[in-house]
*Asks:* 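Got a structure for you, written out below as structure tokens; questions coming shortly.
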Protein chains: 2
Amino acid sequence: MANSLDTIFAALADPTRRAILSMLLEDDMAVTDVAEPFEMSLAAISKHLMILTRAGLIAQEKRGRVKWCKLEPDAMKGASVWMQGFGQFEPVNLDAFERFLETELDSAPE
Amino acid sequence: MANSLDTIFAALADPTRRAILSMLLEDDMAVTDVAEPFEMSLAAISKHLMILTRAGLIAQEKRGRVKWCKLEPDAMKGASVWMQGFGQFEPVNLDAFERFLETELDSAPE
DNA sequence: GGGATCGTCAACCAAATGGTTGAATGTCTA
DNA sequence: TAGACATTCAACCATTTGGTTGACGATCCC
């Protein structure tokens, strides 16, 4: 549905949320740990995680008092397919990806 | 630069703008012709085209009093590479793309 | 020159977005 | 049971976004 492209692209448009996704690429994380490197309130991060969840880009599972966040990479597939229709992008270039990932991480606070 | 991912994803988050990009996939178009199928003012479409231009997704060239819009598919490449890092998406599936394109066009007015 | 056409600008508006703080809820642990 | 911890909720705020309208500057053509 077109609506999912709306929510997915909107979710990806924010650098904080992209940084969170990059962090979750490493491993699943608790909400508090996700928030730790950012200079904003836990409530703000909680909202970002809600947006990512509604977009289907992550899933959150509560175990005890800790809510774990994990990447749901399949959600990006539809958007990726949509974009690829606009050009014959060369097959996945991992070097280029590493570079983009680095600039993304650079934009997140230490 | 991370900023371009911001502007590209934000530009793609709006269904009107995605519909415009799909239209330009067919052929270059004048601003007035881009606006024709939409139920909103020319000024609104002009703003959408500005956003797409600033994101680098289209280019506009004025010839006489007509301003032509053409797709700049390369701009999506960085974003596409970024996204592909999150999963091993199968190589471009044109059938799937056609389906997504159709749902996109369905969401645009006739 | 004068009128039609193409497109943008400027001012305005309502709604959405991204953030804050403080209180509230639920869960673990001593 | 009491307190500490993990997370969200609710109210609020400033800024951005997506739209409108009307006036304006170019350009084409008779």
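To find a chain, count down the sequence lines: A is the first, B the second, and so on, and within it residues start at 1.
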*Asks:* Quick check: on DNA chain C, is the nucleotide nearest A/R17 upstream (toward 5') of the one nearest A/K62, or the reverse? Name the residue that is more 5'.
*Replies:* A/R17
*Asks:* Would you please confirm or rule out a distance under 4.0 Å between OP1 or OP2 of C/dT17 and any side-chain N or O of A/H48?
*Replies:* no
*Asks:* Report the distance from atom CE of B/M50 to atom P of D/dT17, rounded to the nearest whole Å.
*Replies:* 15 Å
*Asks:* Quick check: closest heavy atoms across B/M23 and B/D33, and the distance to 0.1 Å?
*Replies:* CE-O, 4.2 Å
*Asks:* Give one of base, sugar-phosphate or nothing for B/I51, where a contact means two heavy atoms less than 4.0 Å apart.
*Replies:* sugar-phosphate
*Asks:* Look at all strands and tell whether A/R63 reaches a base, only sugar-phosphate, or nothing, counting heavy atoms closer than 4.0 Å.
*Replies:* nothing
*Asks:* Rounding to an integer number of Å, can you tell me how far A/E36 CD sits from D/dA6 P?
*Replies:* 12 Å
*Asks:* What integer distance in Å separates B/F9:CZ from C/dG18:C1'?
*Replies:* 19 Å
*Asks:* Does a side-chain N or O of A/S41 approach OP1 or OP2 of C/dT20 to a distance below 4.0 Å, or not?
*Replies:* yes
*Asks:* Closest-nucleotide mapping onto DNA chain D: is A/K47 or A/K67 further toward the 5' terminus? I mean the 5' end.
*Replies:* A/K67
*Asks:* Using modelled atom types only, decide if a donor and an acceptor are shared between the side chain of B/R17 and the backbone of B/A11 within a distance under 3.5 Å.
*Replies:* yes
*Asks:* Output the rounded distance in Å from CZ (A/R54) to P (C/dG18).
*Replies:* 10 Å
*Asks:* Is there a donor in the side chain of B/Q84 and an acceptor in the side chain of B/S80, or the other way round, less than 3.5 Å apart?
*Replies:* yes
*Asks:* Using a 4.0 Å heavy-atom cut-off across all strands, classify A/A10 as base, sugar-phosphate, or nothing.
*Replies:* nothing
*Asks:* Under 3.5 Å, is there an N or O donor on one side and an acceptor on the other linking the side chain of A/R65 and the base of D/dT7?
*Replies:* no
*Asks:* Over how many whole Å does the gap from B/Q60 atom CD to D/dA26 atom C1' extend?
*Replies:* 16 Å
*Asks:* Tell me, with the steps shown, if A/D6 and B/R18 meet salt bridge (Lys or Arg N to Asp or Glu O under 4.0 Å).
*Replies:* CA-CA 9 Å; A/D6 280 25; B/R18 288 198 309 276; 2.6 Å; yes
*Asks:* Counting just side-chain N and O atoms, does A/S46 come under 4.0 Å of either OP1 or OP2 of D/dT7?
*Replies:* no
*Asks:* What are the two closest non-hydrogen atoms of B/F9 and B/A79, and how far apart are they?
*Replies:* CZ-CB, 3.8 Å
*Asks:* Taking atom P of C/dG18 as reference, at what distance in whole Å does atom CZ of A/R18 sit?
*Replies:* 12 Å
*Asks:* Using atom CG of A/L42 as one end and atom C1' of C/dT25 as the other, report the distance to the nearest whole Å.
*Replies:* 14 Å
*Asks:* Starting at CG of B/D33 and ending at P of C/dC6, how long is that distance when rounded to a whole Å?
*Replies:* 8 Å
